[in-house]
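Just so you know, residue 1 is the first one in the sequence shown, and it goes up from there. Just so it is clear, the values below take in all heavy atoms, side chains as well, and ignore hydrogens, waters and symmetry mates.
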Amino acid sequence: MAENRLIIFDTTLRDGEQCPGASMTARQKLEVAKQLARLGVDVIEAGFPVISQGDYQSVREIASQVKGPKICGLSRCLPKDIEAAASALEPAGSAARIHVFLATSQIHRRYKLAKDEEEIIQIAVNGVRLAKSFVEDVEFSAEDASRTEPEFLARILQQVIEAGATTVNIPDTVGYAVPEEFASLIRYLFENVPNIHKAIVSVHCHNDLGLAVSNSLAAIKAGARQVEGTINGIGERAGNASLEEIIMAIHTRPDFFGKMELGIQLKEILRTSRLVSRMSGLAVQRNKAIVGENAFAHAAGIHQDGILKKRETYEIIDPKIIGWEQSELPLTKHSGRAALENRLRMLGFELEKDEIDNIFSQFKDIGDKKKFIYDDDLIALVEGQISRIKETYQLEYMAVADCSGGIPMATIKLRRGQELLVDASTGDGAVDAAMKAVDRITGLHGHLVEYEVRSVTEGKDAIGEVTVKVNFDSKHLVTGKAASTDVFEASIRAYLNAVNKALL
Ligand code: KIV
Ligand code: ZN
């Protein structure tokens with residue numbers, strides 16, 4: 001591999017999905033994985049197979065259906081984990097990577113693992129050897145590497161490389177590092193691990209101090225050739241390093257980083273960001289670099305004037321190259337199925353016939369309510385289809401009325417199998433009343449933690465997309481989503497989506 005090749009390792013579906021409320025269904029994960037392949041990432045960490053049957057199945061499905069990137073499964077250095085990862089990754093053949101990890105810092109050794117340095121080395125070496133007996137491509141991560149004594153880190157890395165690790169990853173697990181210090185650690189490892197050139201040095205930074213991208217870039221400058229992160233920077237706590245920011249920094253500043261080779265299709269960045277945001281239910285902040293709504297919006301008159309004269313005066317990236325401003329003529333209710341299918345293919349969706357049938361029927365319904373159907377409307381429909389889960393309860397009917405004193409009262413009728421269940425409730429508003437009526441029917445107690453309405457496109461007839469985060473019985477935080485031209489209906493359907501997920 002060329003010395004200037006930077007490997008992009010995406011862990012949106014593993015570390016990213018660990019973020020509370022972000023869990024995705026296997027179908028959603030598959031669609032994200034396909035989009036990551038179109039984006040051109042080199043490695044997709046698809047999950048942690050031993051953790052649950054769902055994770056195992058999802059890794060296996062991605063391993064059998066997604067071609068191009070390496071498909072990776074995470075595993076502790078335990079035989080049962082490594083065997084589960086190997087089995088889930090089997091359909092990927094030679095594109096499979098097993099990623100084993102073990103904490104190396106003193107605090108983890110002493111309090112979490114109760115093992116001394118020699119025992120830790122032995123467990124790591126055994127884990128790498130066992131993984132190597134299944135696949136050629138093995139990554140070892142020294143968890144909490146940035147708080148590990150550098151001498152011990154160098155010693156363990158030397159041993160795992162000797163045992164067959166082809167990539168050694170240096171995580172800043174708790175987001176503690178600062179750029180200069182992290183870069184020095186990487187340089188130290190290049191100088192003090194005698195066999196370091198037999199492996200790719202990787203970094204994996206968390207954002208607790210808001211430094212994940214800066215630390216990753218400093219490490220790349222110091223010689224790291226794999227960088228791990230997530231789309232939109234999603235992840236536990238303050239998240240992981242945001243891949244789109246790292247990619248665009250490398251692309252925009254070859255004068256500083258040198259000419260790096262990247263396998264990324266830049267024009268897919270925005271589409272990937274939007275898909276991940278919708279699938280995970282985690283909105284992208286407006287001012288987020290690269291993919292935020294305002295990232296290329298110039299409000300100041302002086303800036304607008306400068307841009308009109310020469311774009312580069314105030315814009316360091318041409319937004320078009322990452323997928324902004326790529327609009328096609330909208331479809332209308334007169335557009336046929338072939339036109340719809342064609343547009344969906346152009347947007348990158350490969351759907352089954354019955355999925356297209358469903359989308360086509362919704363497309364016609366929306367066409368009666370709204371003049372133009374834009375690409376974003378279609379994406380919302382596709383995502384609704386992809387996000388479908390087994391529905392214990394289906395909405396049959398809903399109505400809201402004012403009872404005495406202007407207090408809203410909602411009536412809800414739900415179907416459960418052959419049964420029709422009806423109840424009504426008052427509430428602080430129409431949506432609150434309807435959600436309470438749903439609770440009376442299902443017997444669940446949902447506490448609404450977050451409620452967000454987003455207009456998918458512009459105009460009064462736009463589709464409204466509602467995302468709710470609901471805490472059920474103070475135990476499970478579940479995200480529900482739905483879209484409709486009627487925001488009240490979208491709200492109830494989103495709540496019901498969360499109820500059905502909680503029941504699953
Ligand atoms: O943050 C971390 O240390 C991890 C490892 C499992 C790589 O996610
Ligand atoms: Zn991590």
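Between the D172 side chain and the S146 main chain, no donor and acceptor come within less than 3.5 Å of each other. Judged purely by atom type and a 3.5 angstrom limit, N500 uses its side chain to pair as donor or acceptor with the backbone of T392. A distance-only check finds no donor-acceptor pair linking the side chain of D55 to the backbone of I51 [under 3.5 Å]. With T12 contributing its side chain and G16 its backbone, the two residues share no donor-acceptor pair below 3.5 Å. Of the possible donor and acceptor atoms, none in the side chain of T148 sits under 3.5 Å from a partner among the backbone N and O of L153. Judged purely by atom type and a 3.5 angstrom limit, S141 has no side-chain atom pairing as donor or acceptor with the backbone of E143. The main-chain N or O of D144 is found under 3.5 Å from a side-chain atom of T173 such that the two form a donor-acceptor pair. Under a 3.5 Å cut-off, the side chain of K481 and the backbone N or O of R278 do form a donor-acceptor pair. Side chain of K469 to main chain of G281: a donor-acceptor pair is present (N/O by atom type, distance under 3.5 Å, no hydrogens or angles). Using modelled atom types, no side-chain atom of R5 and backbone atom of M260 make a donor-acceptor pair closer than 3.5 Å.
For N4, the side chain to side chain contact (heavy atoms under 4.5 Å, CB included) criterion is met by A2, E261, not counting sequence neighbours. By the side chain to side chain contact (heavy atoms under 4.5 Å, CB included) test, E149 is found to be paired with Q106, R109, E117, E151, F152, residues two or more places apart in sequence or in another chain being considered. Under the side chain to side chain contact (heavy atoms under 4.5 Å, CB included) criterion, Q159 pairs with I121, V125, not counting sequence neighbours.
At a threshold of 4.5 Å between non-hydrogen side-chain atoms, the residues K198 and T166 do not count as touching. In this structure, Q265 and R38 have side chains that are not in contact, with every pair of non-hydrogen atoms separated by 4.5 Å or more. Residues L189 and I170 form a side-chain contact, since some pair of their non-hydrogen atoms from C-beta on lies under 4.5 Å apart. Taking 4.5 Å as the limit, every side-chain heavy atom of K267 sits out of range of all side-chain heavy atoms of K320. Two residues are said to be in side-chain contact when any heavy atoms from C-beta on lie closer than 4.5 Å; E236 and C19 fail this criterion. Proximity of I246 to L217: side-chain heavy atoms (C-beta onward) are separated by under 4.5 Å at one or more points. A heavy-atom distance below 4.5 Å is not found between the side chains of V59 and F48. Side-chain contact between N169 and H99 is present, with at least one heavy-atom pair separated by less than 4.5 Å.
Rounded to the nearest 0.5 angstrom, T11 OG1 and L74 CG are separated by 7.5 Å. Distance CG/L275 to CG/L39: 11.0 Å, rounded to 0.5 Å. Distance CD/Q28 to CE/M279: 5.0 Å, rounded to 0.5 Å. If you take CD1 on I71 and CD1 on I44, they are separated by 4.5 Å, rounding to the nearest 0.5 Å. Distance check, rounded to the nearest 0.5 Å: CG of N195 to CD of Q158 gives 5.0 Å. Atom CD of E139 is separated from atom CD of E45 by 7.0 Å, given to the nearest 0.5 angstrom.
When only modelled atom types and interatomic distance are considered, S273 and N232 share a side-chain donor-acceptor pair under 3.5 Å. When only modelled atom types and interatomic distance are considered, N287 and N294 share no side-chain donor-acceptor pair under 3.5 Å. With 3.5 Å as the limit, one finds no donor-acceptor pair spanning the side chains of R60 and Q57. Looking at Q226 and E228, their side chains do bring a donor and an acceptor atom within 3.5 Å of each other. With no hydrogens or angles considered, a side-chain donor-acceptor pair links N126 and Q122 at under 3.5 Å. Side-chain contact check for E244 and S242: at least one donor-acceptor pair (N or O, by modelled atom type) lies under 3.5 Å.
Nearest heavy-atom pair, A224 versus L6, reported as atom, atom and distance to 0.1 Å: O-CD1, 4.1 Å. Residues G446 and Y495 share a closest heavy-atom pair of CA-OH, 3.4 Å. Between A177 and L209, the shortest heavy-atom contact is O-CD1, 4.5 Å. Taking each heavy atom of A222 and A183 in turn, the nearest pair found is CB-O, 3.6 Å. Contact record, A124 with V160: CB-CG1, 3.8 Å, taken as the closest heavy-atom pair.
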Expected list for residues 85-94: side-chain donor-acceptor pairs under 3.5 angstrom, two or more places apart:
unit_1: S87; atom_1: OG; unit_2: Y56; atom_2: OH; d: 2.4

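Salt bridge status for E268 with R271: present, with a side-chain N to carboxylate O gap under 4.0 Å. Electrostatic pairing of R493 and E391 does not count as a salt bridge here, judged by no charged N lying under 4.0 Å from a carboxylate O. A salt bridge links K288 to E245: one of the charged nitrogens lies within less than 4.0 Å of a carboxylate oxygen. The residues K70 and D42 are annotated as not salt-bridged, no charged nitrogen and carboxylate oxygen being separated by less than 4.0 angstrom. E31 and R27 are joined by a salt bridge, as a carboxylate oxygen and a charged side-chain nitrogen come within less than 4.0 angstrom of each other. Ion pairing between E118 and R155 holds under the 4.0 Å rule for side-chain N and carboxylate O. Residues R286 and E293 are not paired through a salt bridge, judged by the lack of any N-O separation under 4.0 Å between the basic side chain and the carboxylate.
Taking the six-membered ring where tryptophan is involved, the planes of H204 and H206 are tilted, since the angle between them lies from 30° to 60°.
Every pair tested for ring-ring contact (aromatic ring centres under 6.0 Å, His included) that includes a residue from residues 221-263 fails, sequence neighbours excluded, so the list is empty. A ring-ring contact (aromatic ring centres under 6.0 Å, His included) check over residues 158-198, counting only residues at least two apart or in different chains, returns the pairs F190-H197.
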